[in-house]
Structure formats: C-alpha cells, structure tokens
Student: 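Please find one structure pasted underneath; my questions will follow.
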Amino acid sequence: MVDPTRPTAPATNPANAPEPGRDFVRDIVQADLDAGRVGAIVTRFPPEPNGYLHIGHAKSICLNFGIAQEYGGHCNLRFDDTNPVKEEQEFIDSIQQDVHWLGFDWGEHKYFASDYFDTLYAWAEHLVRAGLAYVDDTSAEETRTMRGTLTEPGRESPDRNRTVAENLDLFRRMRAGEFPNGARVLRAKIDMAAGNMNLRDPVLYRILHAAHPRTGDAWCIYPTYDYAHGQSDAIEGVTHSICTLEFDDHRPLYDWFIEHLPVPARPHQYEFARLNITYTVLSKRILTTLVRQGHVSGWDDPRMPTLAGQRRRGVPPAALREFVRSVGVARAYSVVDVAMYEHAIREVLNATAPRRMAVLRPLKVVIENWEEGRTETLEAVNNPEDPSAGTRPVTFGRTIYIEREDFMEYPPNRFHRLSPGREVRLRYAYFITCRSVVKNDRDEVVELRCTYDPATRGGDAPDGRKVRGTLHWVAAHDAVPAELRLYNPLFSRPDPGADGDIMADLSPDSLEVLTGALLEPALAGVAAGAVVQFERQGYFCADPDATPEALVFNRTVGLRDTWAKVQAGAKGG
RNA sequence: UGGGGCGUCGCCAAGUGGUAAGGCAACGGAUUUUGAUUCCGUCAUUCGGAGGUUCGAGUCCUCCCGCCCCAGCCA
C-alpha cells in the first residue's frame, strides 16, 4: 500500500537549498517541509527511566533536539515509562539533568507515556470493539512456543476468537485487578503466520501488580512499548519519530496501530544506526550490571560511558556534541574508533582549559647554586591558545620536583629530557644542568643535584643557545598534594563481549591511583568540576572527592604523546 | 525463497548516471619555552563479487557472497 503522506524521494528546492545532505534524516525532514507534508517539525527523545543516559543516547539527543532546533520546531522529552517494575524516580531525575547538561532544553515539552494511560486504555477497548484485539489466557511459556520460529508460522491461540463482549468484559476485569500477574494479556489480532514476528499477535497489555513511579497504584495493567509508543507520538503531534535500527521491523506494527486507531495525527518512524565505540559498552543492561556488581563506583564513575560519568571525568558537553556531529548519522552498522571521541575532547579542551603544572610522580631536585630560603616569582601563561586567559605567578626555589620519567641516568638515543651532565629548561623558569645523582641503598635515584643559569630567567638563553627539552615542575615550598586518578578503557579489547562473556573482558587496569602527586599552588582552591591541562600530561578534572588533606583530579584524557609512541615502537621493534 | 536491514580507504562517512568530499588514525616534514597545539604533504585507477544496460555505472538491472536485527507478557 502506498502511503501518500510518506516521502518517497527527497524533494529539491534550489531556492533555499540547505547545505546538502547533512544526513538522511535531515534530508527526509527537509523534503517533508518542502513538500508541505508537515507544518512545524516535532521530534521526541523517549528514554525509559530504567538507567542513566550514555554516549549512545547523546547521539539520539543531538539528532532529535538538533533537528528540532535547525528546522524551527521543538523536541519533546518523553519518558517511556510503561514498565514500572524497572523504572525509578532516580532515573527520571538523572535523565533530565543529563539532557540539560548536554545543552538541550525541552521547554514546556516534558511528557510521560503514563500521561496517556487513560487514552491508551480507551483505544485498546476501541480495538477490542473493532474485533482487532482479544484477551488471551495462554501462559507466557505457552505463548512463546505457539509463536512459532523464524522459519515456521505460529499457531493461533484458542482464545483468539472470543466474542467482543467477552473480550471487553475480561479486559475490564484485568484492569480492575481481578487477575494475578501473567494470568491474561490483551493481544492484537493480526497474523500468526506473518514473516515479521512482530505481527504475530503482539501483546498490548500485560498484568503487572506493581506501583508506578508516577501513577502509583492506579493501574495494574500496563501497555507494552509497541502499543504505547506510536500512539504517544500521535498524541503529541510528533512528526518524525526517530529511533534506532532494531526497531525497523516494528514499523509495520507502529503503522498498523496508527491506521486502526482514531489518533489525532499521523507520525512516521525513521530508523538510524545506533552508536558503537571501540573498547566501550553502550548497553544499559550491562552498565546496570557493572554498577550493581560493584565493578565501578556508580553510574557516575568516570570510567562509565554514561553522561554522568563523562561529566565527572571532565568531558565538556561541547566535545560530546562535536563527537556526535563528526560521527554522522546513517543506517550502516558501525563501530567508531574511540580515538575519534578523544580527538573531540582534546579539540575542545585545548582551546578552553587553563594550563597548570602538576608533577604526577615527583623526583626531588636541589638547585645547588640557589641560595637556601630564597624564592623568586615568575610569570606563566595560562593558555597559549587564548591570550585573554592572561598569566599567573609561579614561585621558584632551591628545592623543586620534576617528573620522574623526565630523568634518565642512561638515556636512549632520542631522549631529550634530563640526564647527568645535560641541560634542560624548566618551563617559565630557568635552564638547569644535572650535576649528580643521589641514590638510596636499593640503587634507586631519589634526588638530583643540579645548577641553574641565572641568565636564563623565564626560560630564554640570552646567548641564544638551545636546549632540547622543557620540563614542568613544582616548587617544594608551596606545592599542593593531590590524588590523581588515571583512567584506561574499562574493557581490555576493542569488541568487549565478542567472545561471549563480557565480564571476562573487564580490564584490571582501568583505574590507576597516584597518591603522591604535587600541584602548583594556583590549583589550591579549584572548584570541583573545573578542567585544566596539566602541561605535558593531559587534561584533568577536579573531583568532588577532594578532602582538606588532598585534592583529587580525574584524568579526562592524556595529551597526544608521540614520544611514548616512539618508545613503544622502539621496544616493539 | 521466514521477515527486515546493511555492505565506499585501517575506523566513521559524503556521493541520487558524468569520471571517488571530509573527519579520525597512520606516515613524512616545518614551526614550537607543552616531544602539545598549529601548519604543510602522503594515504581508494576504485566503491563486497561476477555479469549486463549505457558514449559513460559507486550510482540502473540480474545473479552471487558476507554481516547485522527479529522467536520478552523489555524498550
């Protein structure tokens, strides 16, 4: 059957052609607008409040709210709360917080599928009266076997031909609470032999004696997703109901309900490929398991791909939006390289994050020709990408700390940091030369004795001599202690779960805690949530776990590190 | 011959019959007081495969191959 309201080919409109083909969904929207099939664009983001939103949802949110914005329509936030046994107020709250954080606003358009329970129920009776739905007493297990298989047709329930009167009576008594969970269901009467399993008399209502977060005990029967979704779209006047590919073969059912019910509008469903990322799991079910089994500290553990987790990790919402934009929207199954995500994060943070110095693994350095007790204040640039960020003072002294890995007693070929006899620059301070090494009884380097060149104040040599390396540092007299949490992928393989047991792929190295880090004093009063770049190390976000004894920072993402790559290559080769 | 969807560079992804965009990654090189950033260059004679139509095919036709989704009273 040809539906004249359904777009066939994108219409062209040379007059005000938008930047061509941003993605196929926008093409459809544009074509519908051009052809006058719809007035204002209405989309919707329909989360079920049974968990926290994750990066995959960000793609859907950006698509739905983005399209509404671009075409001057609006996007509804609609909670798909049709299954009270899984849904909780905590999730209703977190979802709203996360959508706002991502940068989108539903305005007055916040809805719940449960707002429509009365209408949905009335429409179900309508189907019953039309002979298109019946009450089935078959048990869940029996229903499953009778549904047939992918290659064999199903068998019709003996209750399939009950009279309208009997169905109406039974359905009303279901609603009245006369029957226990699972005793009966209301099913659509479609086609038990359909090749599309969704059309083999799908369930519309099931008995669930459970309190609902919003409707309380008002109901003991609840509509299924298939029955509730399209009708909710119609009630809200949604023009483009955009969902993921696995709902593709639900569309005939979606359309069936719309055609057979007295709905006030004719919405259309469109499907796009969901987002997958290497080394990452975007499945609410698995994420829930990680939280419940304590593999992570909670939904907002910075290792979690949840929006709450990424926020705590320090990922700016703009980076998420940029990432989603760069990935595009299509219908082909895809797994995006997590490097693309990290790139988007660095791109945003490079432009915005103030620079600070922090030593992750300190190595003591004594400047032998610097007088005991003398300090000197120098000027450090806050963000070379943003002159308006200004400068800040940093104080130098006789004893400082540098990064342990910035010194090697026996340096390999291309190492151009500090080693015995070699001169390097301390960022914004002086050139220093390593004169000797102090070791403990285990032969470990515990301290360097260096000298500085007073003429190189600020880091420039008046005689124009060059130095190969520039190191970050903190002064012993004013450094601030901190705990640093370094994160690695939660899973140890790019395709977690591909071998079956996803929990077996959990990485033992996803979290490394550094307790002895030292920060420059400018970081002392930093507010939780602030993101800075620790020069030469990476971007770090102040965590609310900070105590009076020590600040806590989460590493959002490291800087690109070509030296590490060179080393890895040398080791491997 | 169960139904549906999809196959363009290592990973995303434009392309809608006129002679393969872009991003990520990678690799060279320049600049650099972050081995960062920035910059410049290299990176698909070929679009899952085979036929066919056409002056011309990633785009149209036929056949074949491969991958994903569906048998919840989950969404």
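Just so we're clear, the structure is a prediction, and the values are computed from it rather than from any experiment. Lettering of chains follows the sequences in order, A, B, ..., and the numbering in each one begins at 1.
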Student: By nearest nucleotide on RNA chain B, pick out whichever of A/Asn196 and A/Asp561 is the more 5' one.
Tutor: A/Asn196

Student: For A/His472 and A/Glu535, which heavy atoms make the closest approach, and how far apart are they?
Tutor: ND1-O, 3.6 Å

Student: Respond yes when some side-chain nitrogen or oxygen of A/Thr562 is under 4.0 Å from OP1 or OP2 of B/A36, and no when none is.
Tutor: yes

Student: Checking base pairs now: Watson-Crick or wobble, both atom distances under 3.5 Å. What partners B/G10?
Tutor: B/C24

Student: Rounded to whole Å, how long is the line connecting atom CG of A/Leu150 with atom P of B/C69?
Tutor: 12 Å

Student: Could you run through nucleotides 5-12 of chain B and give me one letter per nucleotide, 5' to 3': B if any protein heavy atom sits under 4.0 Å from the base, S if only the sugar-phosphate is that close, - if neither?
Tutor: SS----BS

Student: Are OP1 or OP2 of B/U34 and a side-chain N or O of A/His472 less than 4.0 angstrom apart?
Tutor: no

Student: Enumerate the residues from residues 200-207 of chain A whose closest heavy atom to RNA chain B is under 4.0 Å, giving them by residue number; use none for an empty result.
Tutor: A/Val203, A/Arg206

Student: In whole angstrom, give the distance that lies between atom CZ of A/Arg321 and atom P of B/G23.
Tutor: 22 Å

Student: So, does A/Lys565 get its side chain near the phosphate of B/A26, meaning an N or O under 4.0 Å from OP1 or OP2?
Tutor: yes

Student: Given 3.5 Å as the limit, does a donor-acceptor pair link the side chain of A/Arg173 with the main chain of A/Glu178, or not?
Tutor: no

Student: Where do A/Thr149 and A/Arg200 come nearest, in terms of heavy atoms and distance?
Tutor: O-NH2, 2.6 Å

Student: Do we count A/Tyr225 as stacking onto B/A75 if the rule is ring centres under 5.5 Å and planes under 30°?
Tutor: no

Student: Does B/C39 have a Watson-Crick or wobble mate here (both distances under 3.5 Å), and if so which one?
Tutor: B/G29

Student: Give none if B/U45 has no partner; otherwise give the nucleotide forming a Watson-Crick or G-U wobble pair with it, both distances under 3.5 Å.
Tutor: none

Student: Pick base, sugar-phosphate or nothing for A/Thr224, based on heavy-atom distances below 4.0 Å to the nucleic acid.
Tutor: sugar-phosphate

Student: Ignoring backbone atoms, establish whether A/Arg184 has a side-chain N or O less than 4.0 Å from OP1 or OP2 of B/C73.
Tutor: no

Student: Can you see whether A/Trp473 has A/Arg427 sitting over its ring - NZ or CZ less than 6.0 Å from the centre and within 45° of the normal?
Tutor: no

Student: More than 12 heavy atoms of other residues, nucleotides or ligands under 6.0 Å from CZ of A/Arg292: yes or no?
Tutor: no

Student: Just how far, in rounded Å, is P of B/A14 from CG of A/Asp23?
Tutor: 8 Å

Student: Assign A/His416 to base, sugar-phosphate, or nothing according to its heavy-atom contacts below 4.0 angstrom with the strands shown.
Tutor: base

Student: So A/Arg414, base contact, sugar-phosphate only, or nothing? Heavy-atom distance under 4.0 Å.
Tutor: base

Student: Just checking A/Pro47: base, sugar-phosphate only, or nothing, at a heavy-atom cut-off of under 4.0 Å?
Tutor: nothing

Student: Rounded to the nearest angstrom, tell me the gap between atom CE in A/Met192 and atom C1' in B/G2.
Tutor: 14 Å

